[in-house]
Amino acid sequence: MLNETTHESLKLLITESVFQYLKNKGIELKKIPVIILTTPKDPAHGHLSTNIALQLSGMISGNAKEIAGFIVQELEKNNRGMLDRVEIAGPGFINFYFQKDLLYNILHEIIAEKDRFGCSDLGKGEKILLEYVSVNPTGPLHVGHGKCAAVGDSLSKILRAAGYQVSTEYYINDHGKQMDTLGQSVLIRYRQLLGEEIEFPENGYQGDYIVALAKEVREKYGTEFKAKDDQETINFFKSYAQQKILQDIKEDLILFGVEFDNWFSEESLYTQDKVYPVIDRLRQEGFVYLEKGALWFKSTDFGDEKDRVVTRANGEAAYFASDIAYHDDKYKRGFQTLIDIWGSDHHGYINRMKAAVQALGYTRDSFQVLLVQFVTLLRAGKTVGMSTRGGQFITLKDLLKEVGKDVARYFFLMYSYDSHTEFDLDIAKSQSLENPVYYIQYAYARICSIIKKGEIKNITLDDINKEQIDLKLLDKREELEIIKKLMSFKKVVERSAIKRKPYLIAGYLLELASLFHKYYTEYKIISRERTLSESRLYLVCSVKIVLENALFLLGIGAPQKM
RNA sequence: GCGCCUGUAGCUCAAUAGGAUAGAGCAACGGACUUCUAAUCCGUAGGUUGGGGGUUCGAUUCCCUCCAGGCGCGCCA
């Protein structure tokens with residue numbers, strides 16, 4: 001079977017051959033290169049391919065083709081019947097062709113595993129805390145936050161599929177000055193509504209949602225807070241606004257198909273006295289010093305460009321301090337790897353946070369930050385502005401209303417998150433071939449139609465006898481292409497998990513859908529020939545399962561009809 | 001000024017860990033529905049991978065340099 005075992009045993013065979021070669025030549029190498037088996041782009045290059053001979057030739061200054069020749073000879077001696085043939089090609093690649101039977105086995109595997117197909121134990125249960133979105137509760141989510149949400153949610157699903165134990169978390173920045181500003185902004189709008197002539201502060205939050213909140217308060221509480229601006233009143237407005245906004249954020253995320261395992265409040269770090277003990281720990285380790293009345297963390301010891309304040313001269317802990325405590329808390333809760341997803345504008349913050357993590361005794365690599373680049377919205381070819389302060393932005397909710405969840409998610413996930421997303425609303429809205437989401441979903445819907453037709457003709461997956469089915473009938477080029485694509489799914493999921501790149505799944509989906517559409521156009525699945533129909537239905541049902549599983553990883557629906 | 005990211009077809013993006021002839025979609029042009037959904041398929045055209053050097057069997061990928069764009073450089077969060 002062309003699965004993990006095949007892969008591994010082939011690698012083992014190659015490794016043995018390499019050692020044999022070196023021994024014959026009397027060459028000693030401290031270690032040989034890792035054997036890499038890739039699926040070639042070009043079908044003419046076999047089912048799997050390795051460049052080991054080329055790598056070796058560089059290390060021992062030998063001829064690559066000669067090395068490859070020897071390895072192939074050895075392999076043919078030890079071949080346990082899984083290989084159909086082995087070829088040397090190009091400058092020294094070794095290309096492997098498997099027995100067709102092995103290829104067909106993947107279909108049995110898919111049909112048997114169903115929604116589990118594609119899962120692996122790559123992560124071996126490693127505990128990962130994935131923190132993302134974590135937007136300040138001072139305003140609604142906008143489109144850029146949506147991208148982070150889509151990436152984070154999809155990544156959590158991919159990591160879980162690859163055998164990691166993932167917990168997702170939203171960090172609520174509910175402590176600090178910006179919350180006072182929020183409270184004040186709403187209070188002033190409220191008082192303006194009551195006819196008072198007060199100027200709105202320049203640094204206040206200007207969005208319409210602030211006015212809406214003020215109106216709500218006026219409806220519920222009337223003129224109770226007229227002409228008031230004492231701390232107690234501000235606090236009331238602050239917590240009112242915060243709760244309301246946070247609730248909206250949660251609702252938007254649910255509409256977007258994103259739910260967090262945990263919501264973590266920054267304020268709780270203070271109420272549970274977790275911030276100052278961590279600073280103390282840093283002090284005991286000698287990583288902090290006093291200067292100009294403030295307490296500085298020596299992040300330069302760990303490669304940061306300058307030291308950072310943790311406690312300000314006025315005695316208050318800086319945002320950085322609670323963030324250190326927060327990350328320490330994550331480790332204390334038993335997570336081995338922390339992944340944070342941040343907007344790219346926070347990149348300057350990475351080094352100091354990594355420094356802090358190291359100072360606390362954790363490894364630098366166990367804390368990983370994924371930077372998500374900005375989103376530019378286009379409408380009729382023109383950029384739509386997105387400034388939070390000025391209140392001119394398109395909210396995630398607006399976007400969802402306009403294009404729907406599936407399209408929005410796909411557009412955020414279709415390209416690498418570290419490149420800028422250009423989100424063209426006109427394309428997203430068009431239900432046409434320009435829109436790749438529909439292309440993929442259409443493939444799925446077509447398969448559903450086929451299955452229905454099969455039912456009418458009494459050819460269904462349940463009726464097929466898996467022992468008697470003749471998969472050798474699937475010998476068309478298009479069919480073999482599809483089978484090969486299906487075989488690579490697990491690897492794609494793993495790669496996507498290791499590299500933390502959901503867009504690999506999106507790309508895979510597009511390729512699989514494309515292969516299916518081509519096949520569909522060329523060949524009839526359900527025909528008069530029963531055995532052939534059964535085999536083809538078996539193939540197409542496998543495609544359906546993989547489409548479903550891949551769409552799930554992106555959080556996109558699979559409609560039966562379109 | 002310093003740092004991080006980006007630069008690939010007219011446009012939006014790919015290119016599996018340095019691999020084989022740099023690929024898709026859109027836009028352009030020409031074809032295919034009496035069929036399981038034409039939201040599909042087939043074909044044509046489109047490139048000095050920002051410029052220049054280097055490393056090697058081989059570079060879009062790694063190193064140096066220059067150019068262009070984005071972002072960051074608070075006792076804000």
Side-chain angles (χ1 to χ4, degrees), chain A residues 34 36 38-42 44-45 49 51 54-55 57-58 61 63-65 89-93 95 136 138 173 175-179 181 203 266 291-296 305-306 308-316 318-320 322-323 343-351 371 373-374 376 378 381 414-416 418-424 427 430-439 441-443 445-454 456-457 488 491-492 495 498-499 503-504 507 510-511 513-514 516-527 533 536-537 540 561-562:
Chain A
V34 184
I36 299 164
T38 53
T39 313
K41 279 175 271 186
D42 189 340
H45 295 150
S49 176
N51 63 352
L54 287 156
Q55 287 194 291
S57 73
S61 59
N63 180 290
K65 285 199 171 183
F93 291 100
N95 298 335
N136 292 355
T138 55
N173 298 131
H175 177 95
K177 250 197 277 187
Q178 90 279 6
M179 297 316 296
T181 309
N203 65 347
E266 180 187 5
E291 195 178 291
K292 292 182 201 157
L295 195 66
W296 297 71
E305 56 195 76
K306 54 175 118 168
R308 310 290 175 174
V309 168
V310 282
T311 312
R312 301 197 288 246
N314 65 8
E316 281 175 28
Y319 174 78
F320 183 39
S322 53
D323 221 10
S344 63
D345 51 334
H346 288 80
H347 69 76
Y349 199 73
I350 295 177
N351 271 338
L371 289 180
Q373 293 288 334
F374 286 126
T376 313
L378 289 179
M414 67 198 287
Y415 301 125
S416 181
D418 52 20
S419 69
H420 292 245
T421 298
E422 199 144 299
F423 200 120
D424 191 320
I427 292 179
S430 72
Q431 304 212 346
S432 74
L433 34 147
E434 289 180 59
N435 197 329
V437 192
Y438 297 122
Y439 182 87
Q441 290 184 328
Y442 187 45
R446 276 180 150 176
I447 296 175
C448 293
S449 286
I450 294 168
I451 290 170
K452 272 203 196 105
K453 185 174 177 192
I456 293 167
K457 299 209 168 187
S488 67
K491 285 277 169 227
V492 172
R495 234 180 93 71
I498 291 169
K499 300 200 121 194
Y503 82 90
L504 295 175
L510 216 47
E511 287 162 7
S514 166
F516 168 76
H517 281 309
K518 281 175 197 173
Y519 178 52
Y520 177 93
T521 311
E522 195 69 25
Y523 298 99
K524 223 151 157 55
I525 314 302
I526 306 293
S527 63
S533 300
R536 290 185 172 172
L537 184 68
V540 157
K561 234 195 269 181
M562 289 187 73

| request: Could you work out the separation of U40(B) and G53(B) based on their C1' atoms and round it to a whole Å? | output: 49 Å
| message | Please report the distance, rounded to the nearest Å, between CD1 in I350(A) and C1' in C71(B). | response | 12 Å
| message | When the C1' atoms of A15(B) and U8(B) are compared, how many Å lie between them, rounded to an integer? | response | 10 Å
| message | So Y349(A), base contact, sugar-phosphate only, or nothing? Heavy-atom distance under 4.0 Å. | response | base
| Of the nucleotides U12(B), C36(B), A17(B), which one has an atom closest to the side chain of Y415(A)? | U12(B)
| What is the nucleic acid contact for E522(A), judged by heavy atoms within less than 4.0 Å: base, sugar-phosphate only, or nothing? | nothing
| Syn or anti for C66(B), with syn set at within 90° of 0? | anti
| What does S344(A) touch in the nucleic acid at a heavy-atom separation under 4.0 angstrom: a base, only the sugar-phosphate, or nothing? | sugar-phosphate
| field | Atom C1', compared across U21(B) and A59(B): separation rounded to whole Å | value | 16 Å
| request: Tell me whether the OP1 or OP2 atom of C57(B) has a side-chain N or O from K65(A) closer than 4.0 Å. | output: no
| task | Describe the nucleic acid contact of H517(A) in one word from base, sugar-phosphate, nothing, applying a heavy-atom distance below 4.0 Å. | result | sugar-phosphate
| message | With a cut-off of less than 4.0 Å, is there a side-chain N or O of K306(A) near OP1 or OP2 of C2(B)? | response | no
| Base, sugar-phosphate, or nothing: which does K561(A) touch, judged by heavy atoms less than 4.0 Å apart? | base
| message | Does the structure show a Watson-Crick or G-U wobble partner for A59(B), both distances under 3.5 Å? Name it, or say none. | response | none
| message | Check the phosphate of A20(B) against K41(A), side-chain N and O only, distance under 4.0 Å to OP1 or OP2. Yes or no? | response | yes
| request: Would you classify A313(A) as touching base, sugar-phosphate or nothing, given that sugar-phosphate means primed atoms plus P, OP1 and OP2, and contacts are heavy atoms under 4.0 Å? | output: base
| said: Taking the minimum atom-to-atom distance to the side chain of N51(A), which one of U16(B), G19(B), C13(B) wins? | reply: G19(B)
| query | For G74(B), does OP1 or OP2 lie under 4.0 Å from any side-chain N or O of R308(A)? | reply | no
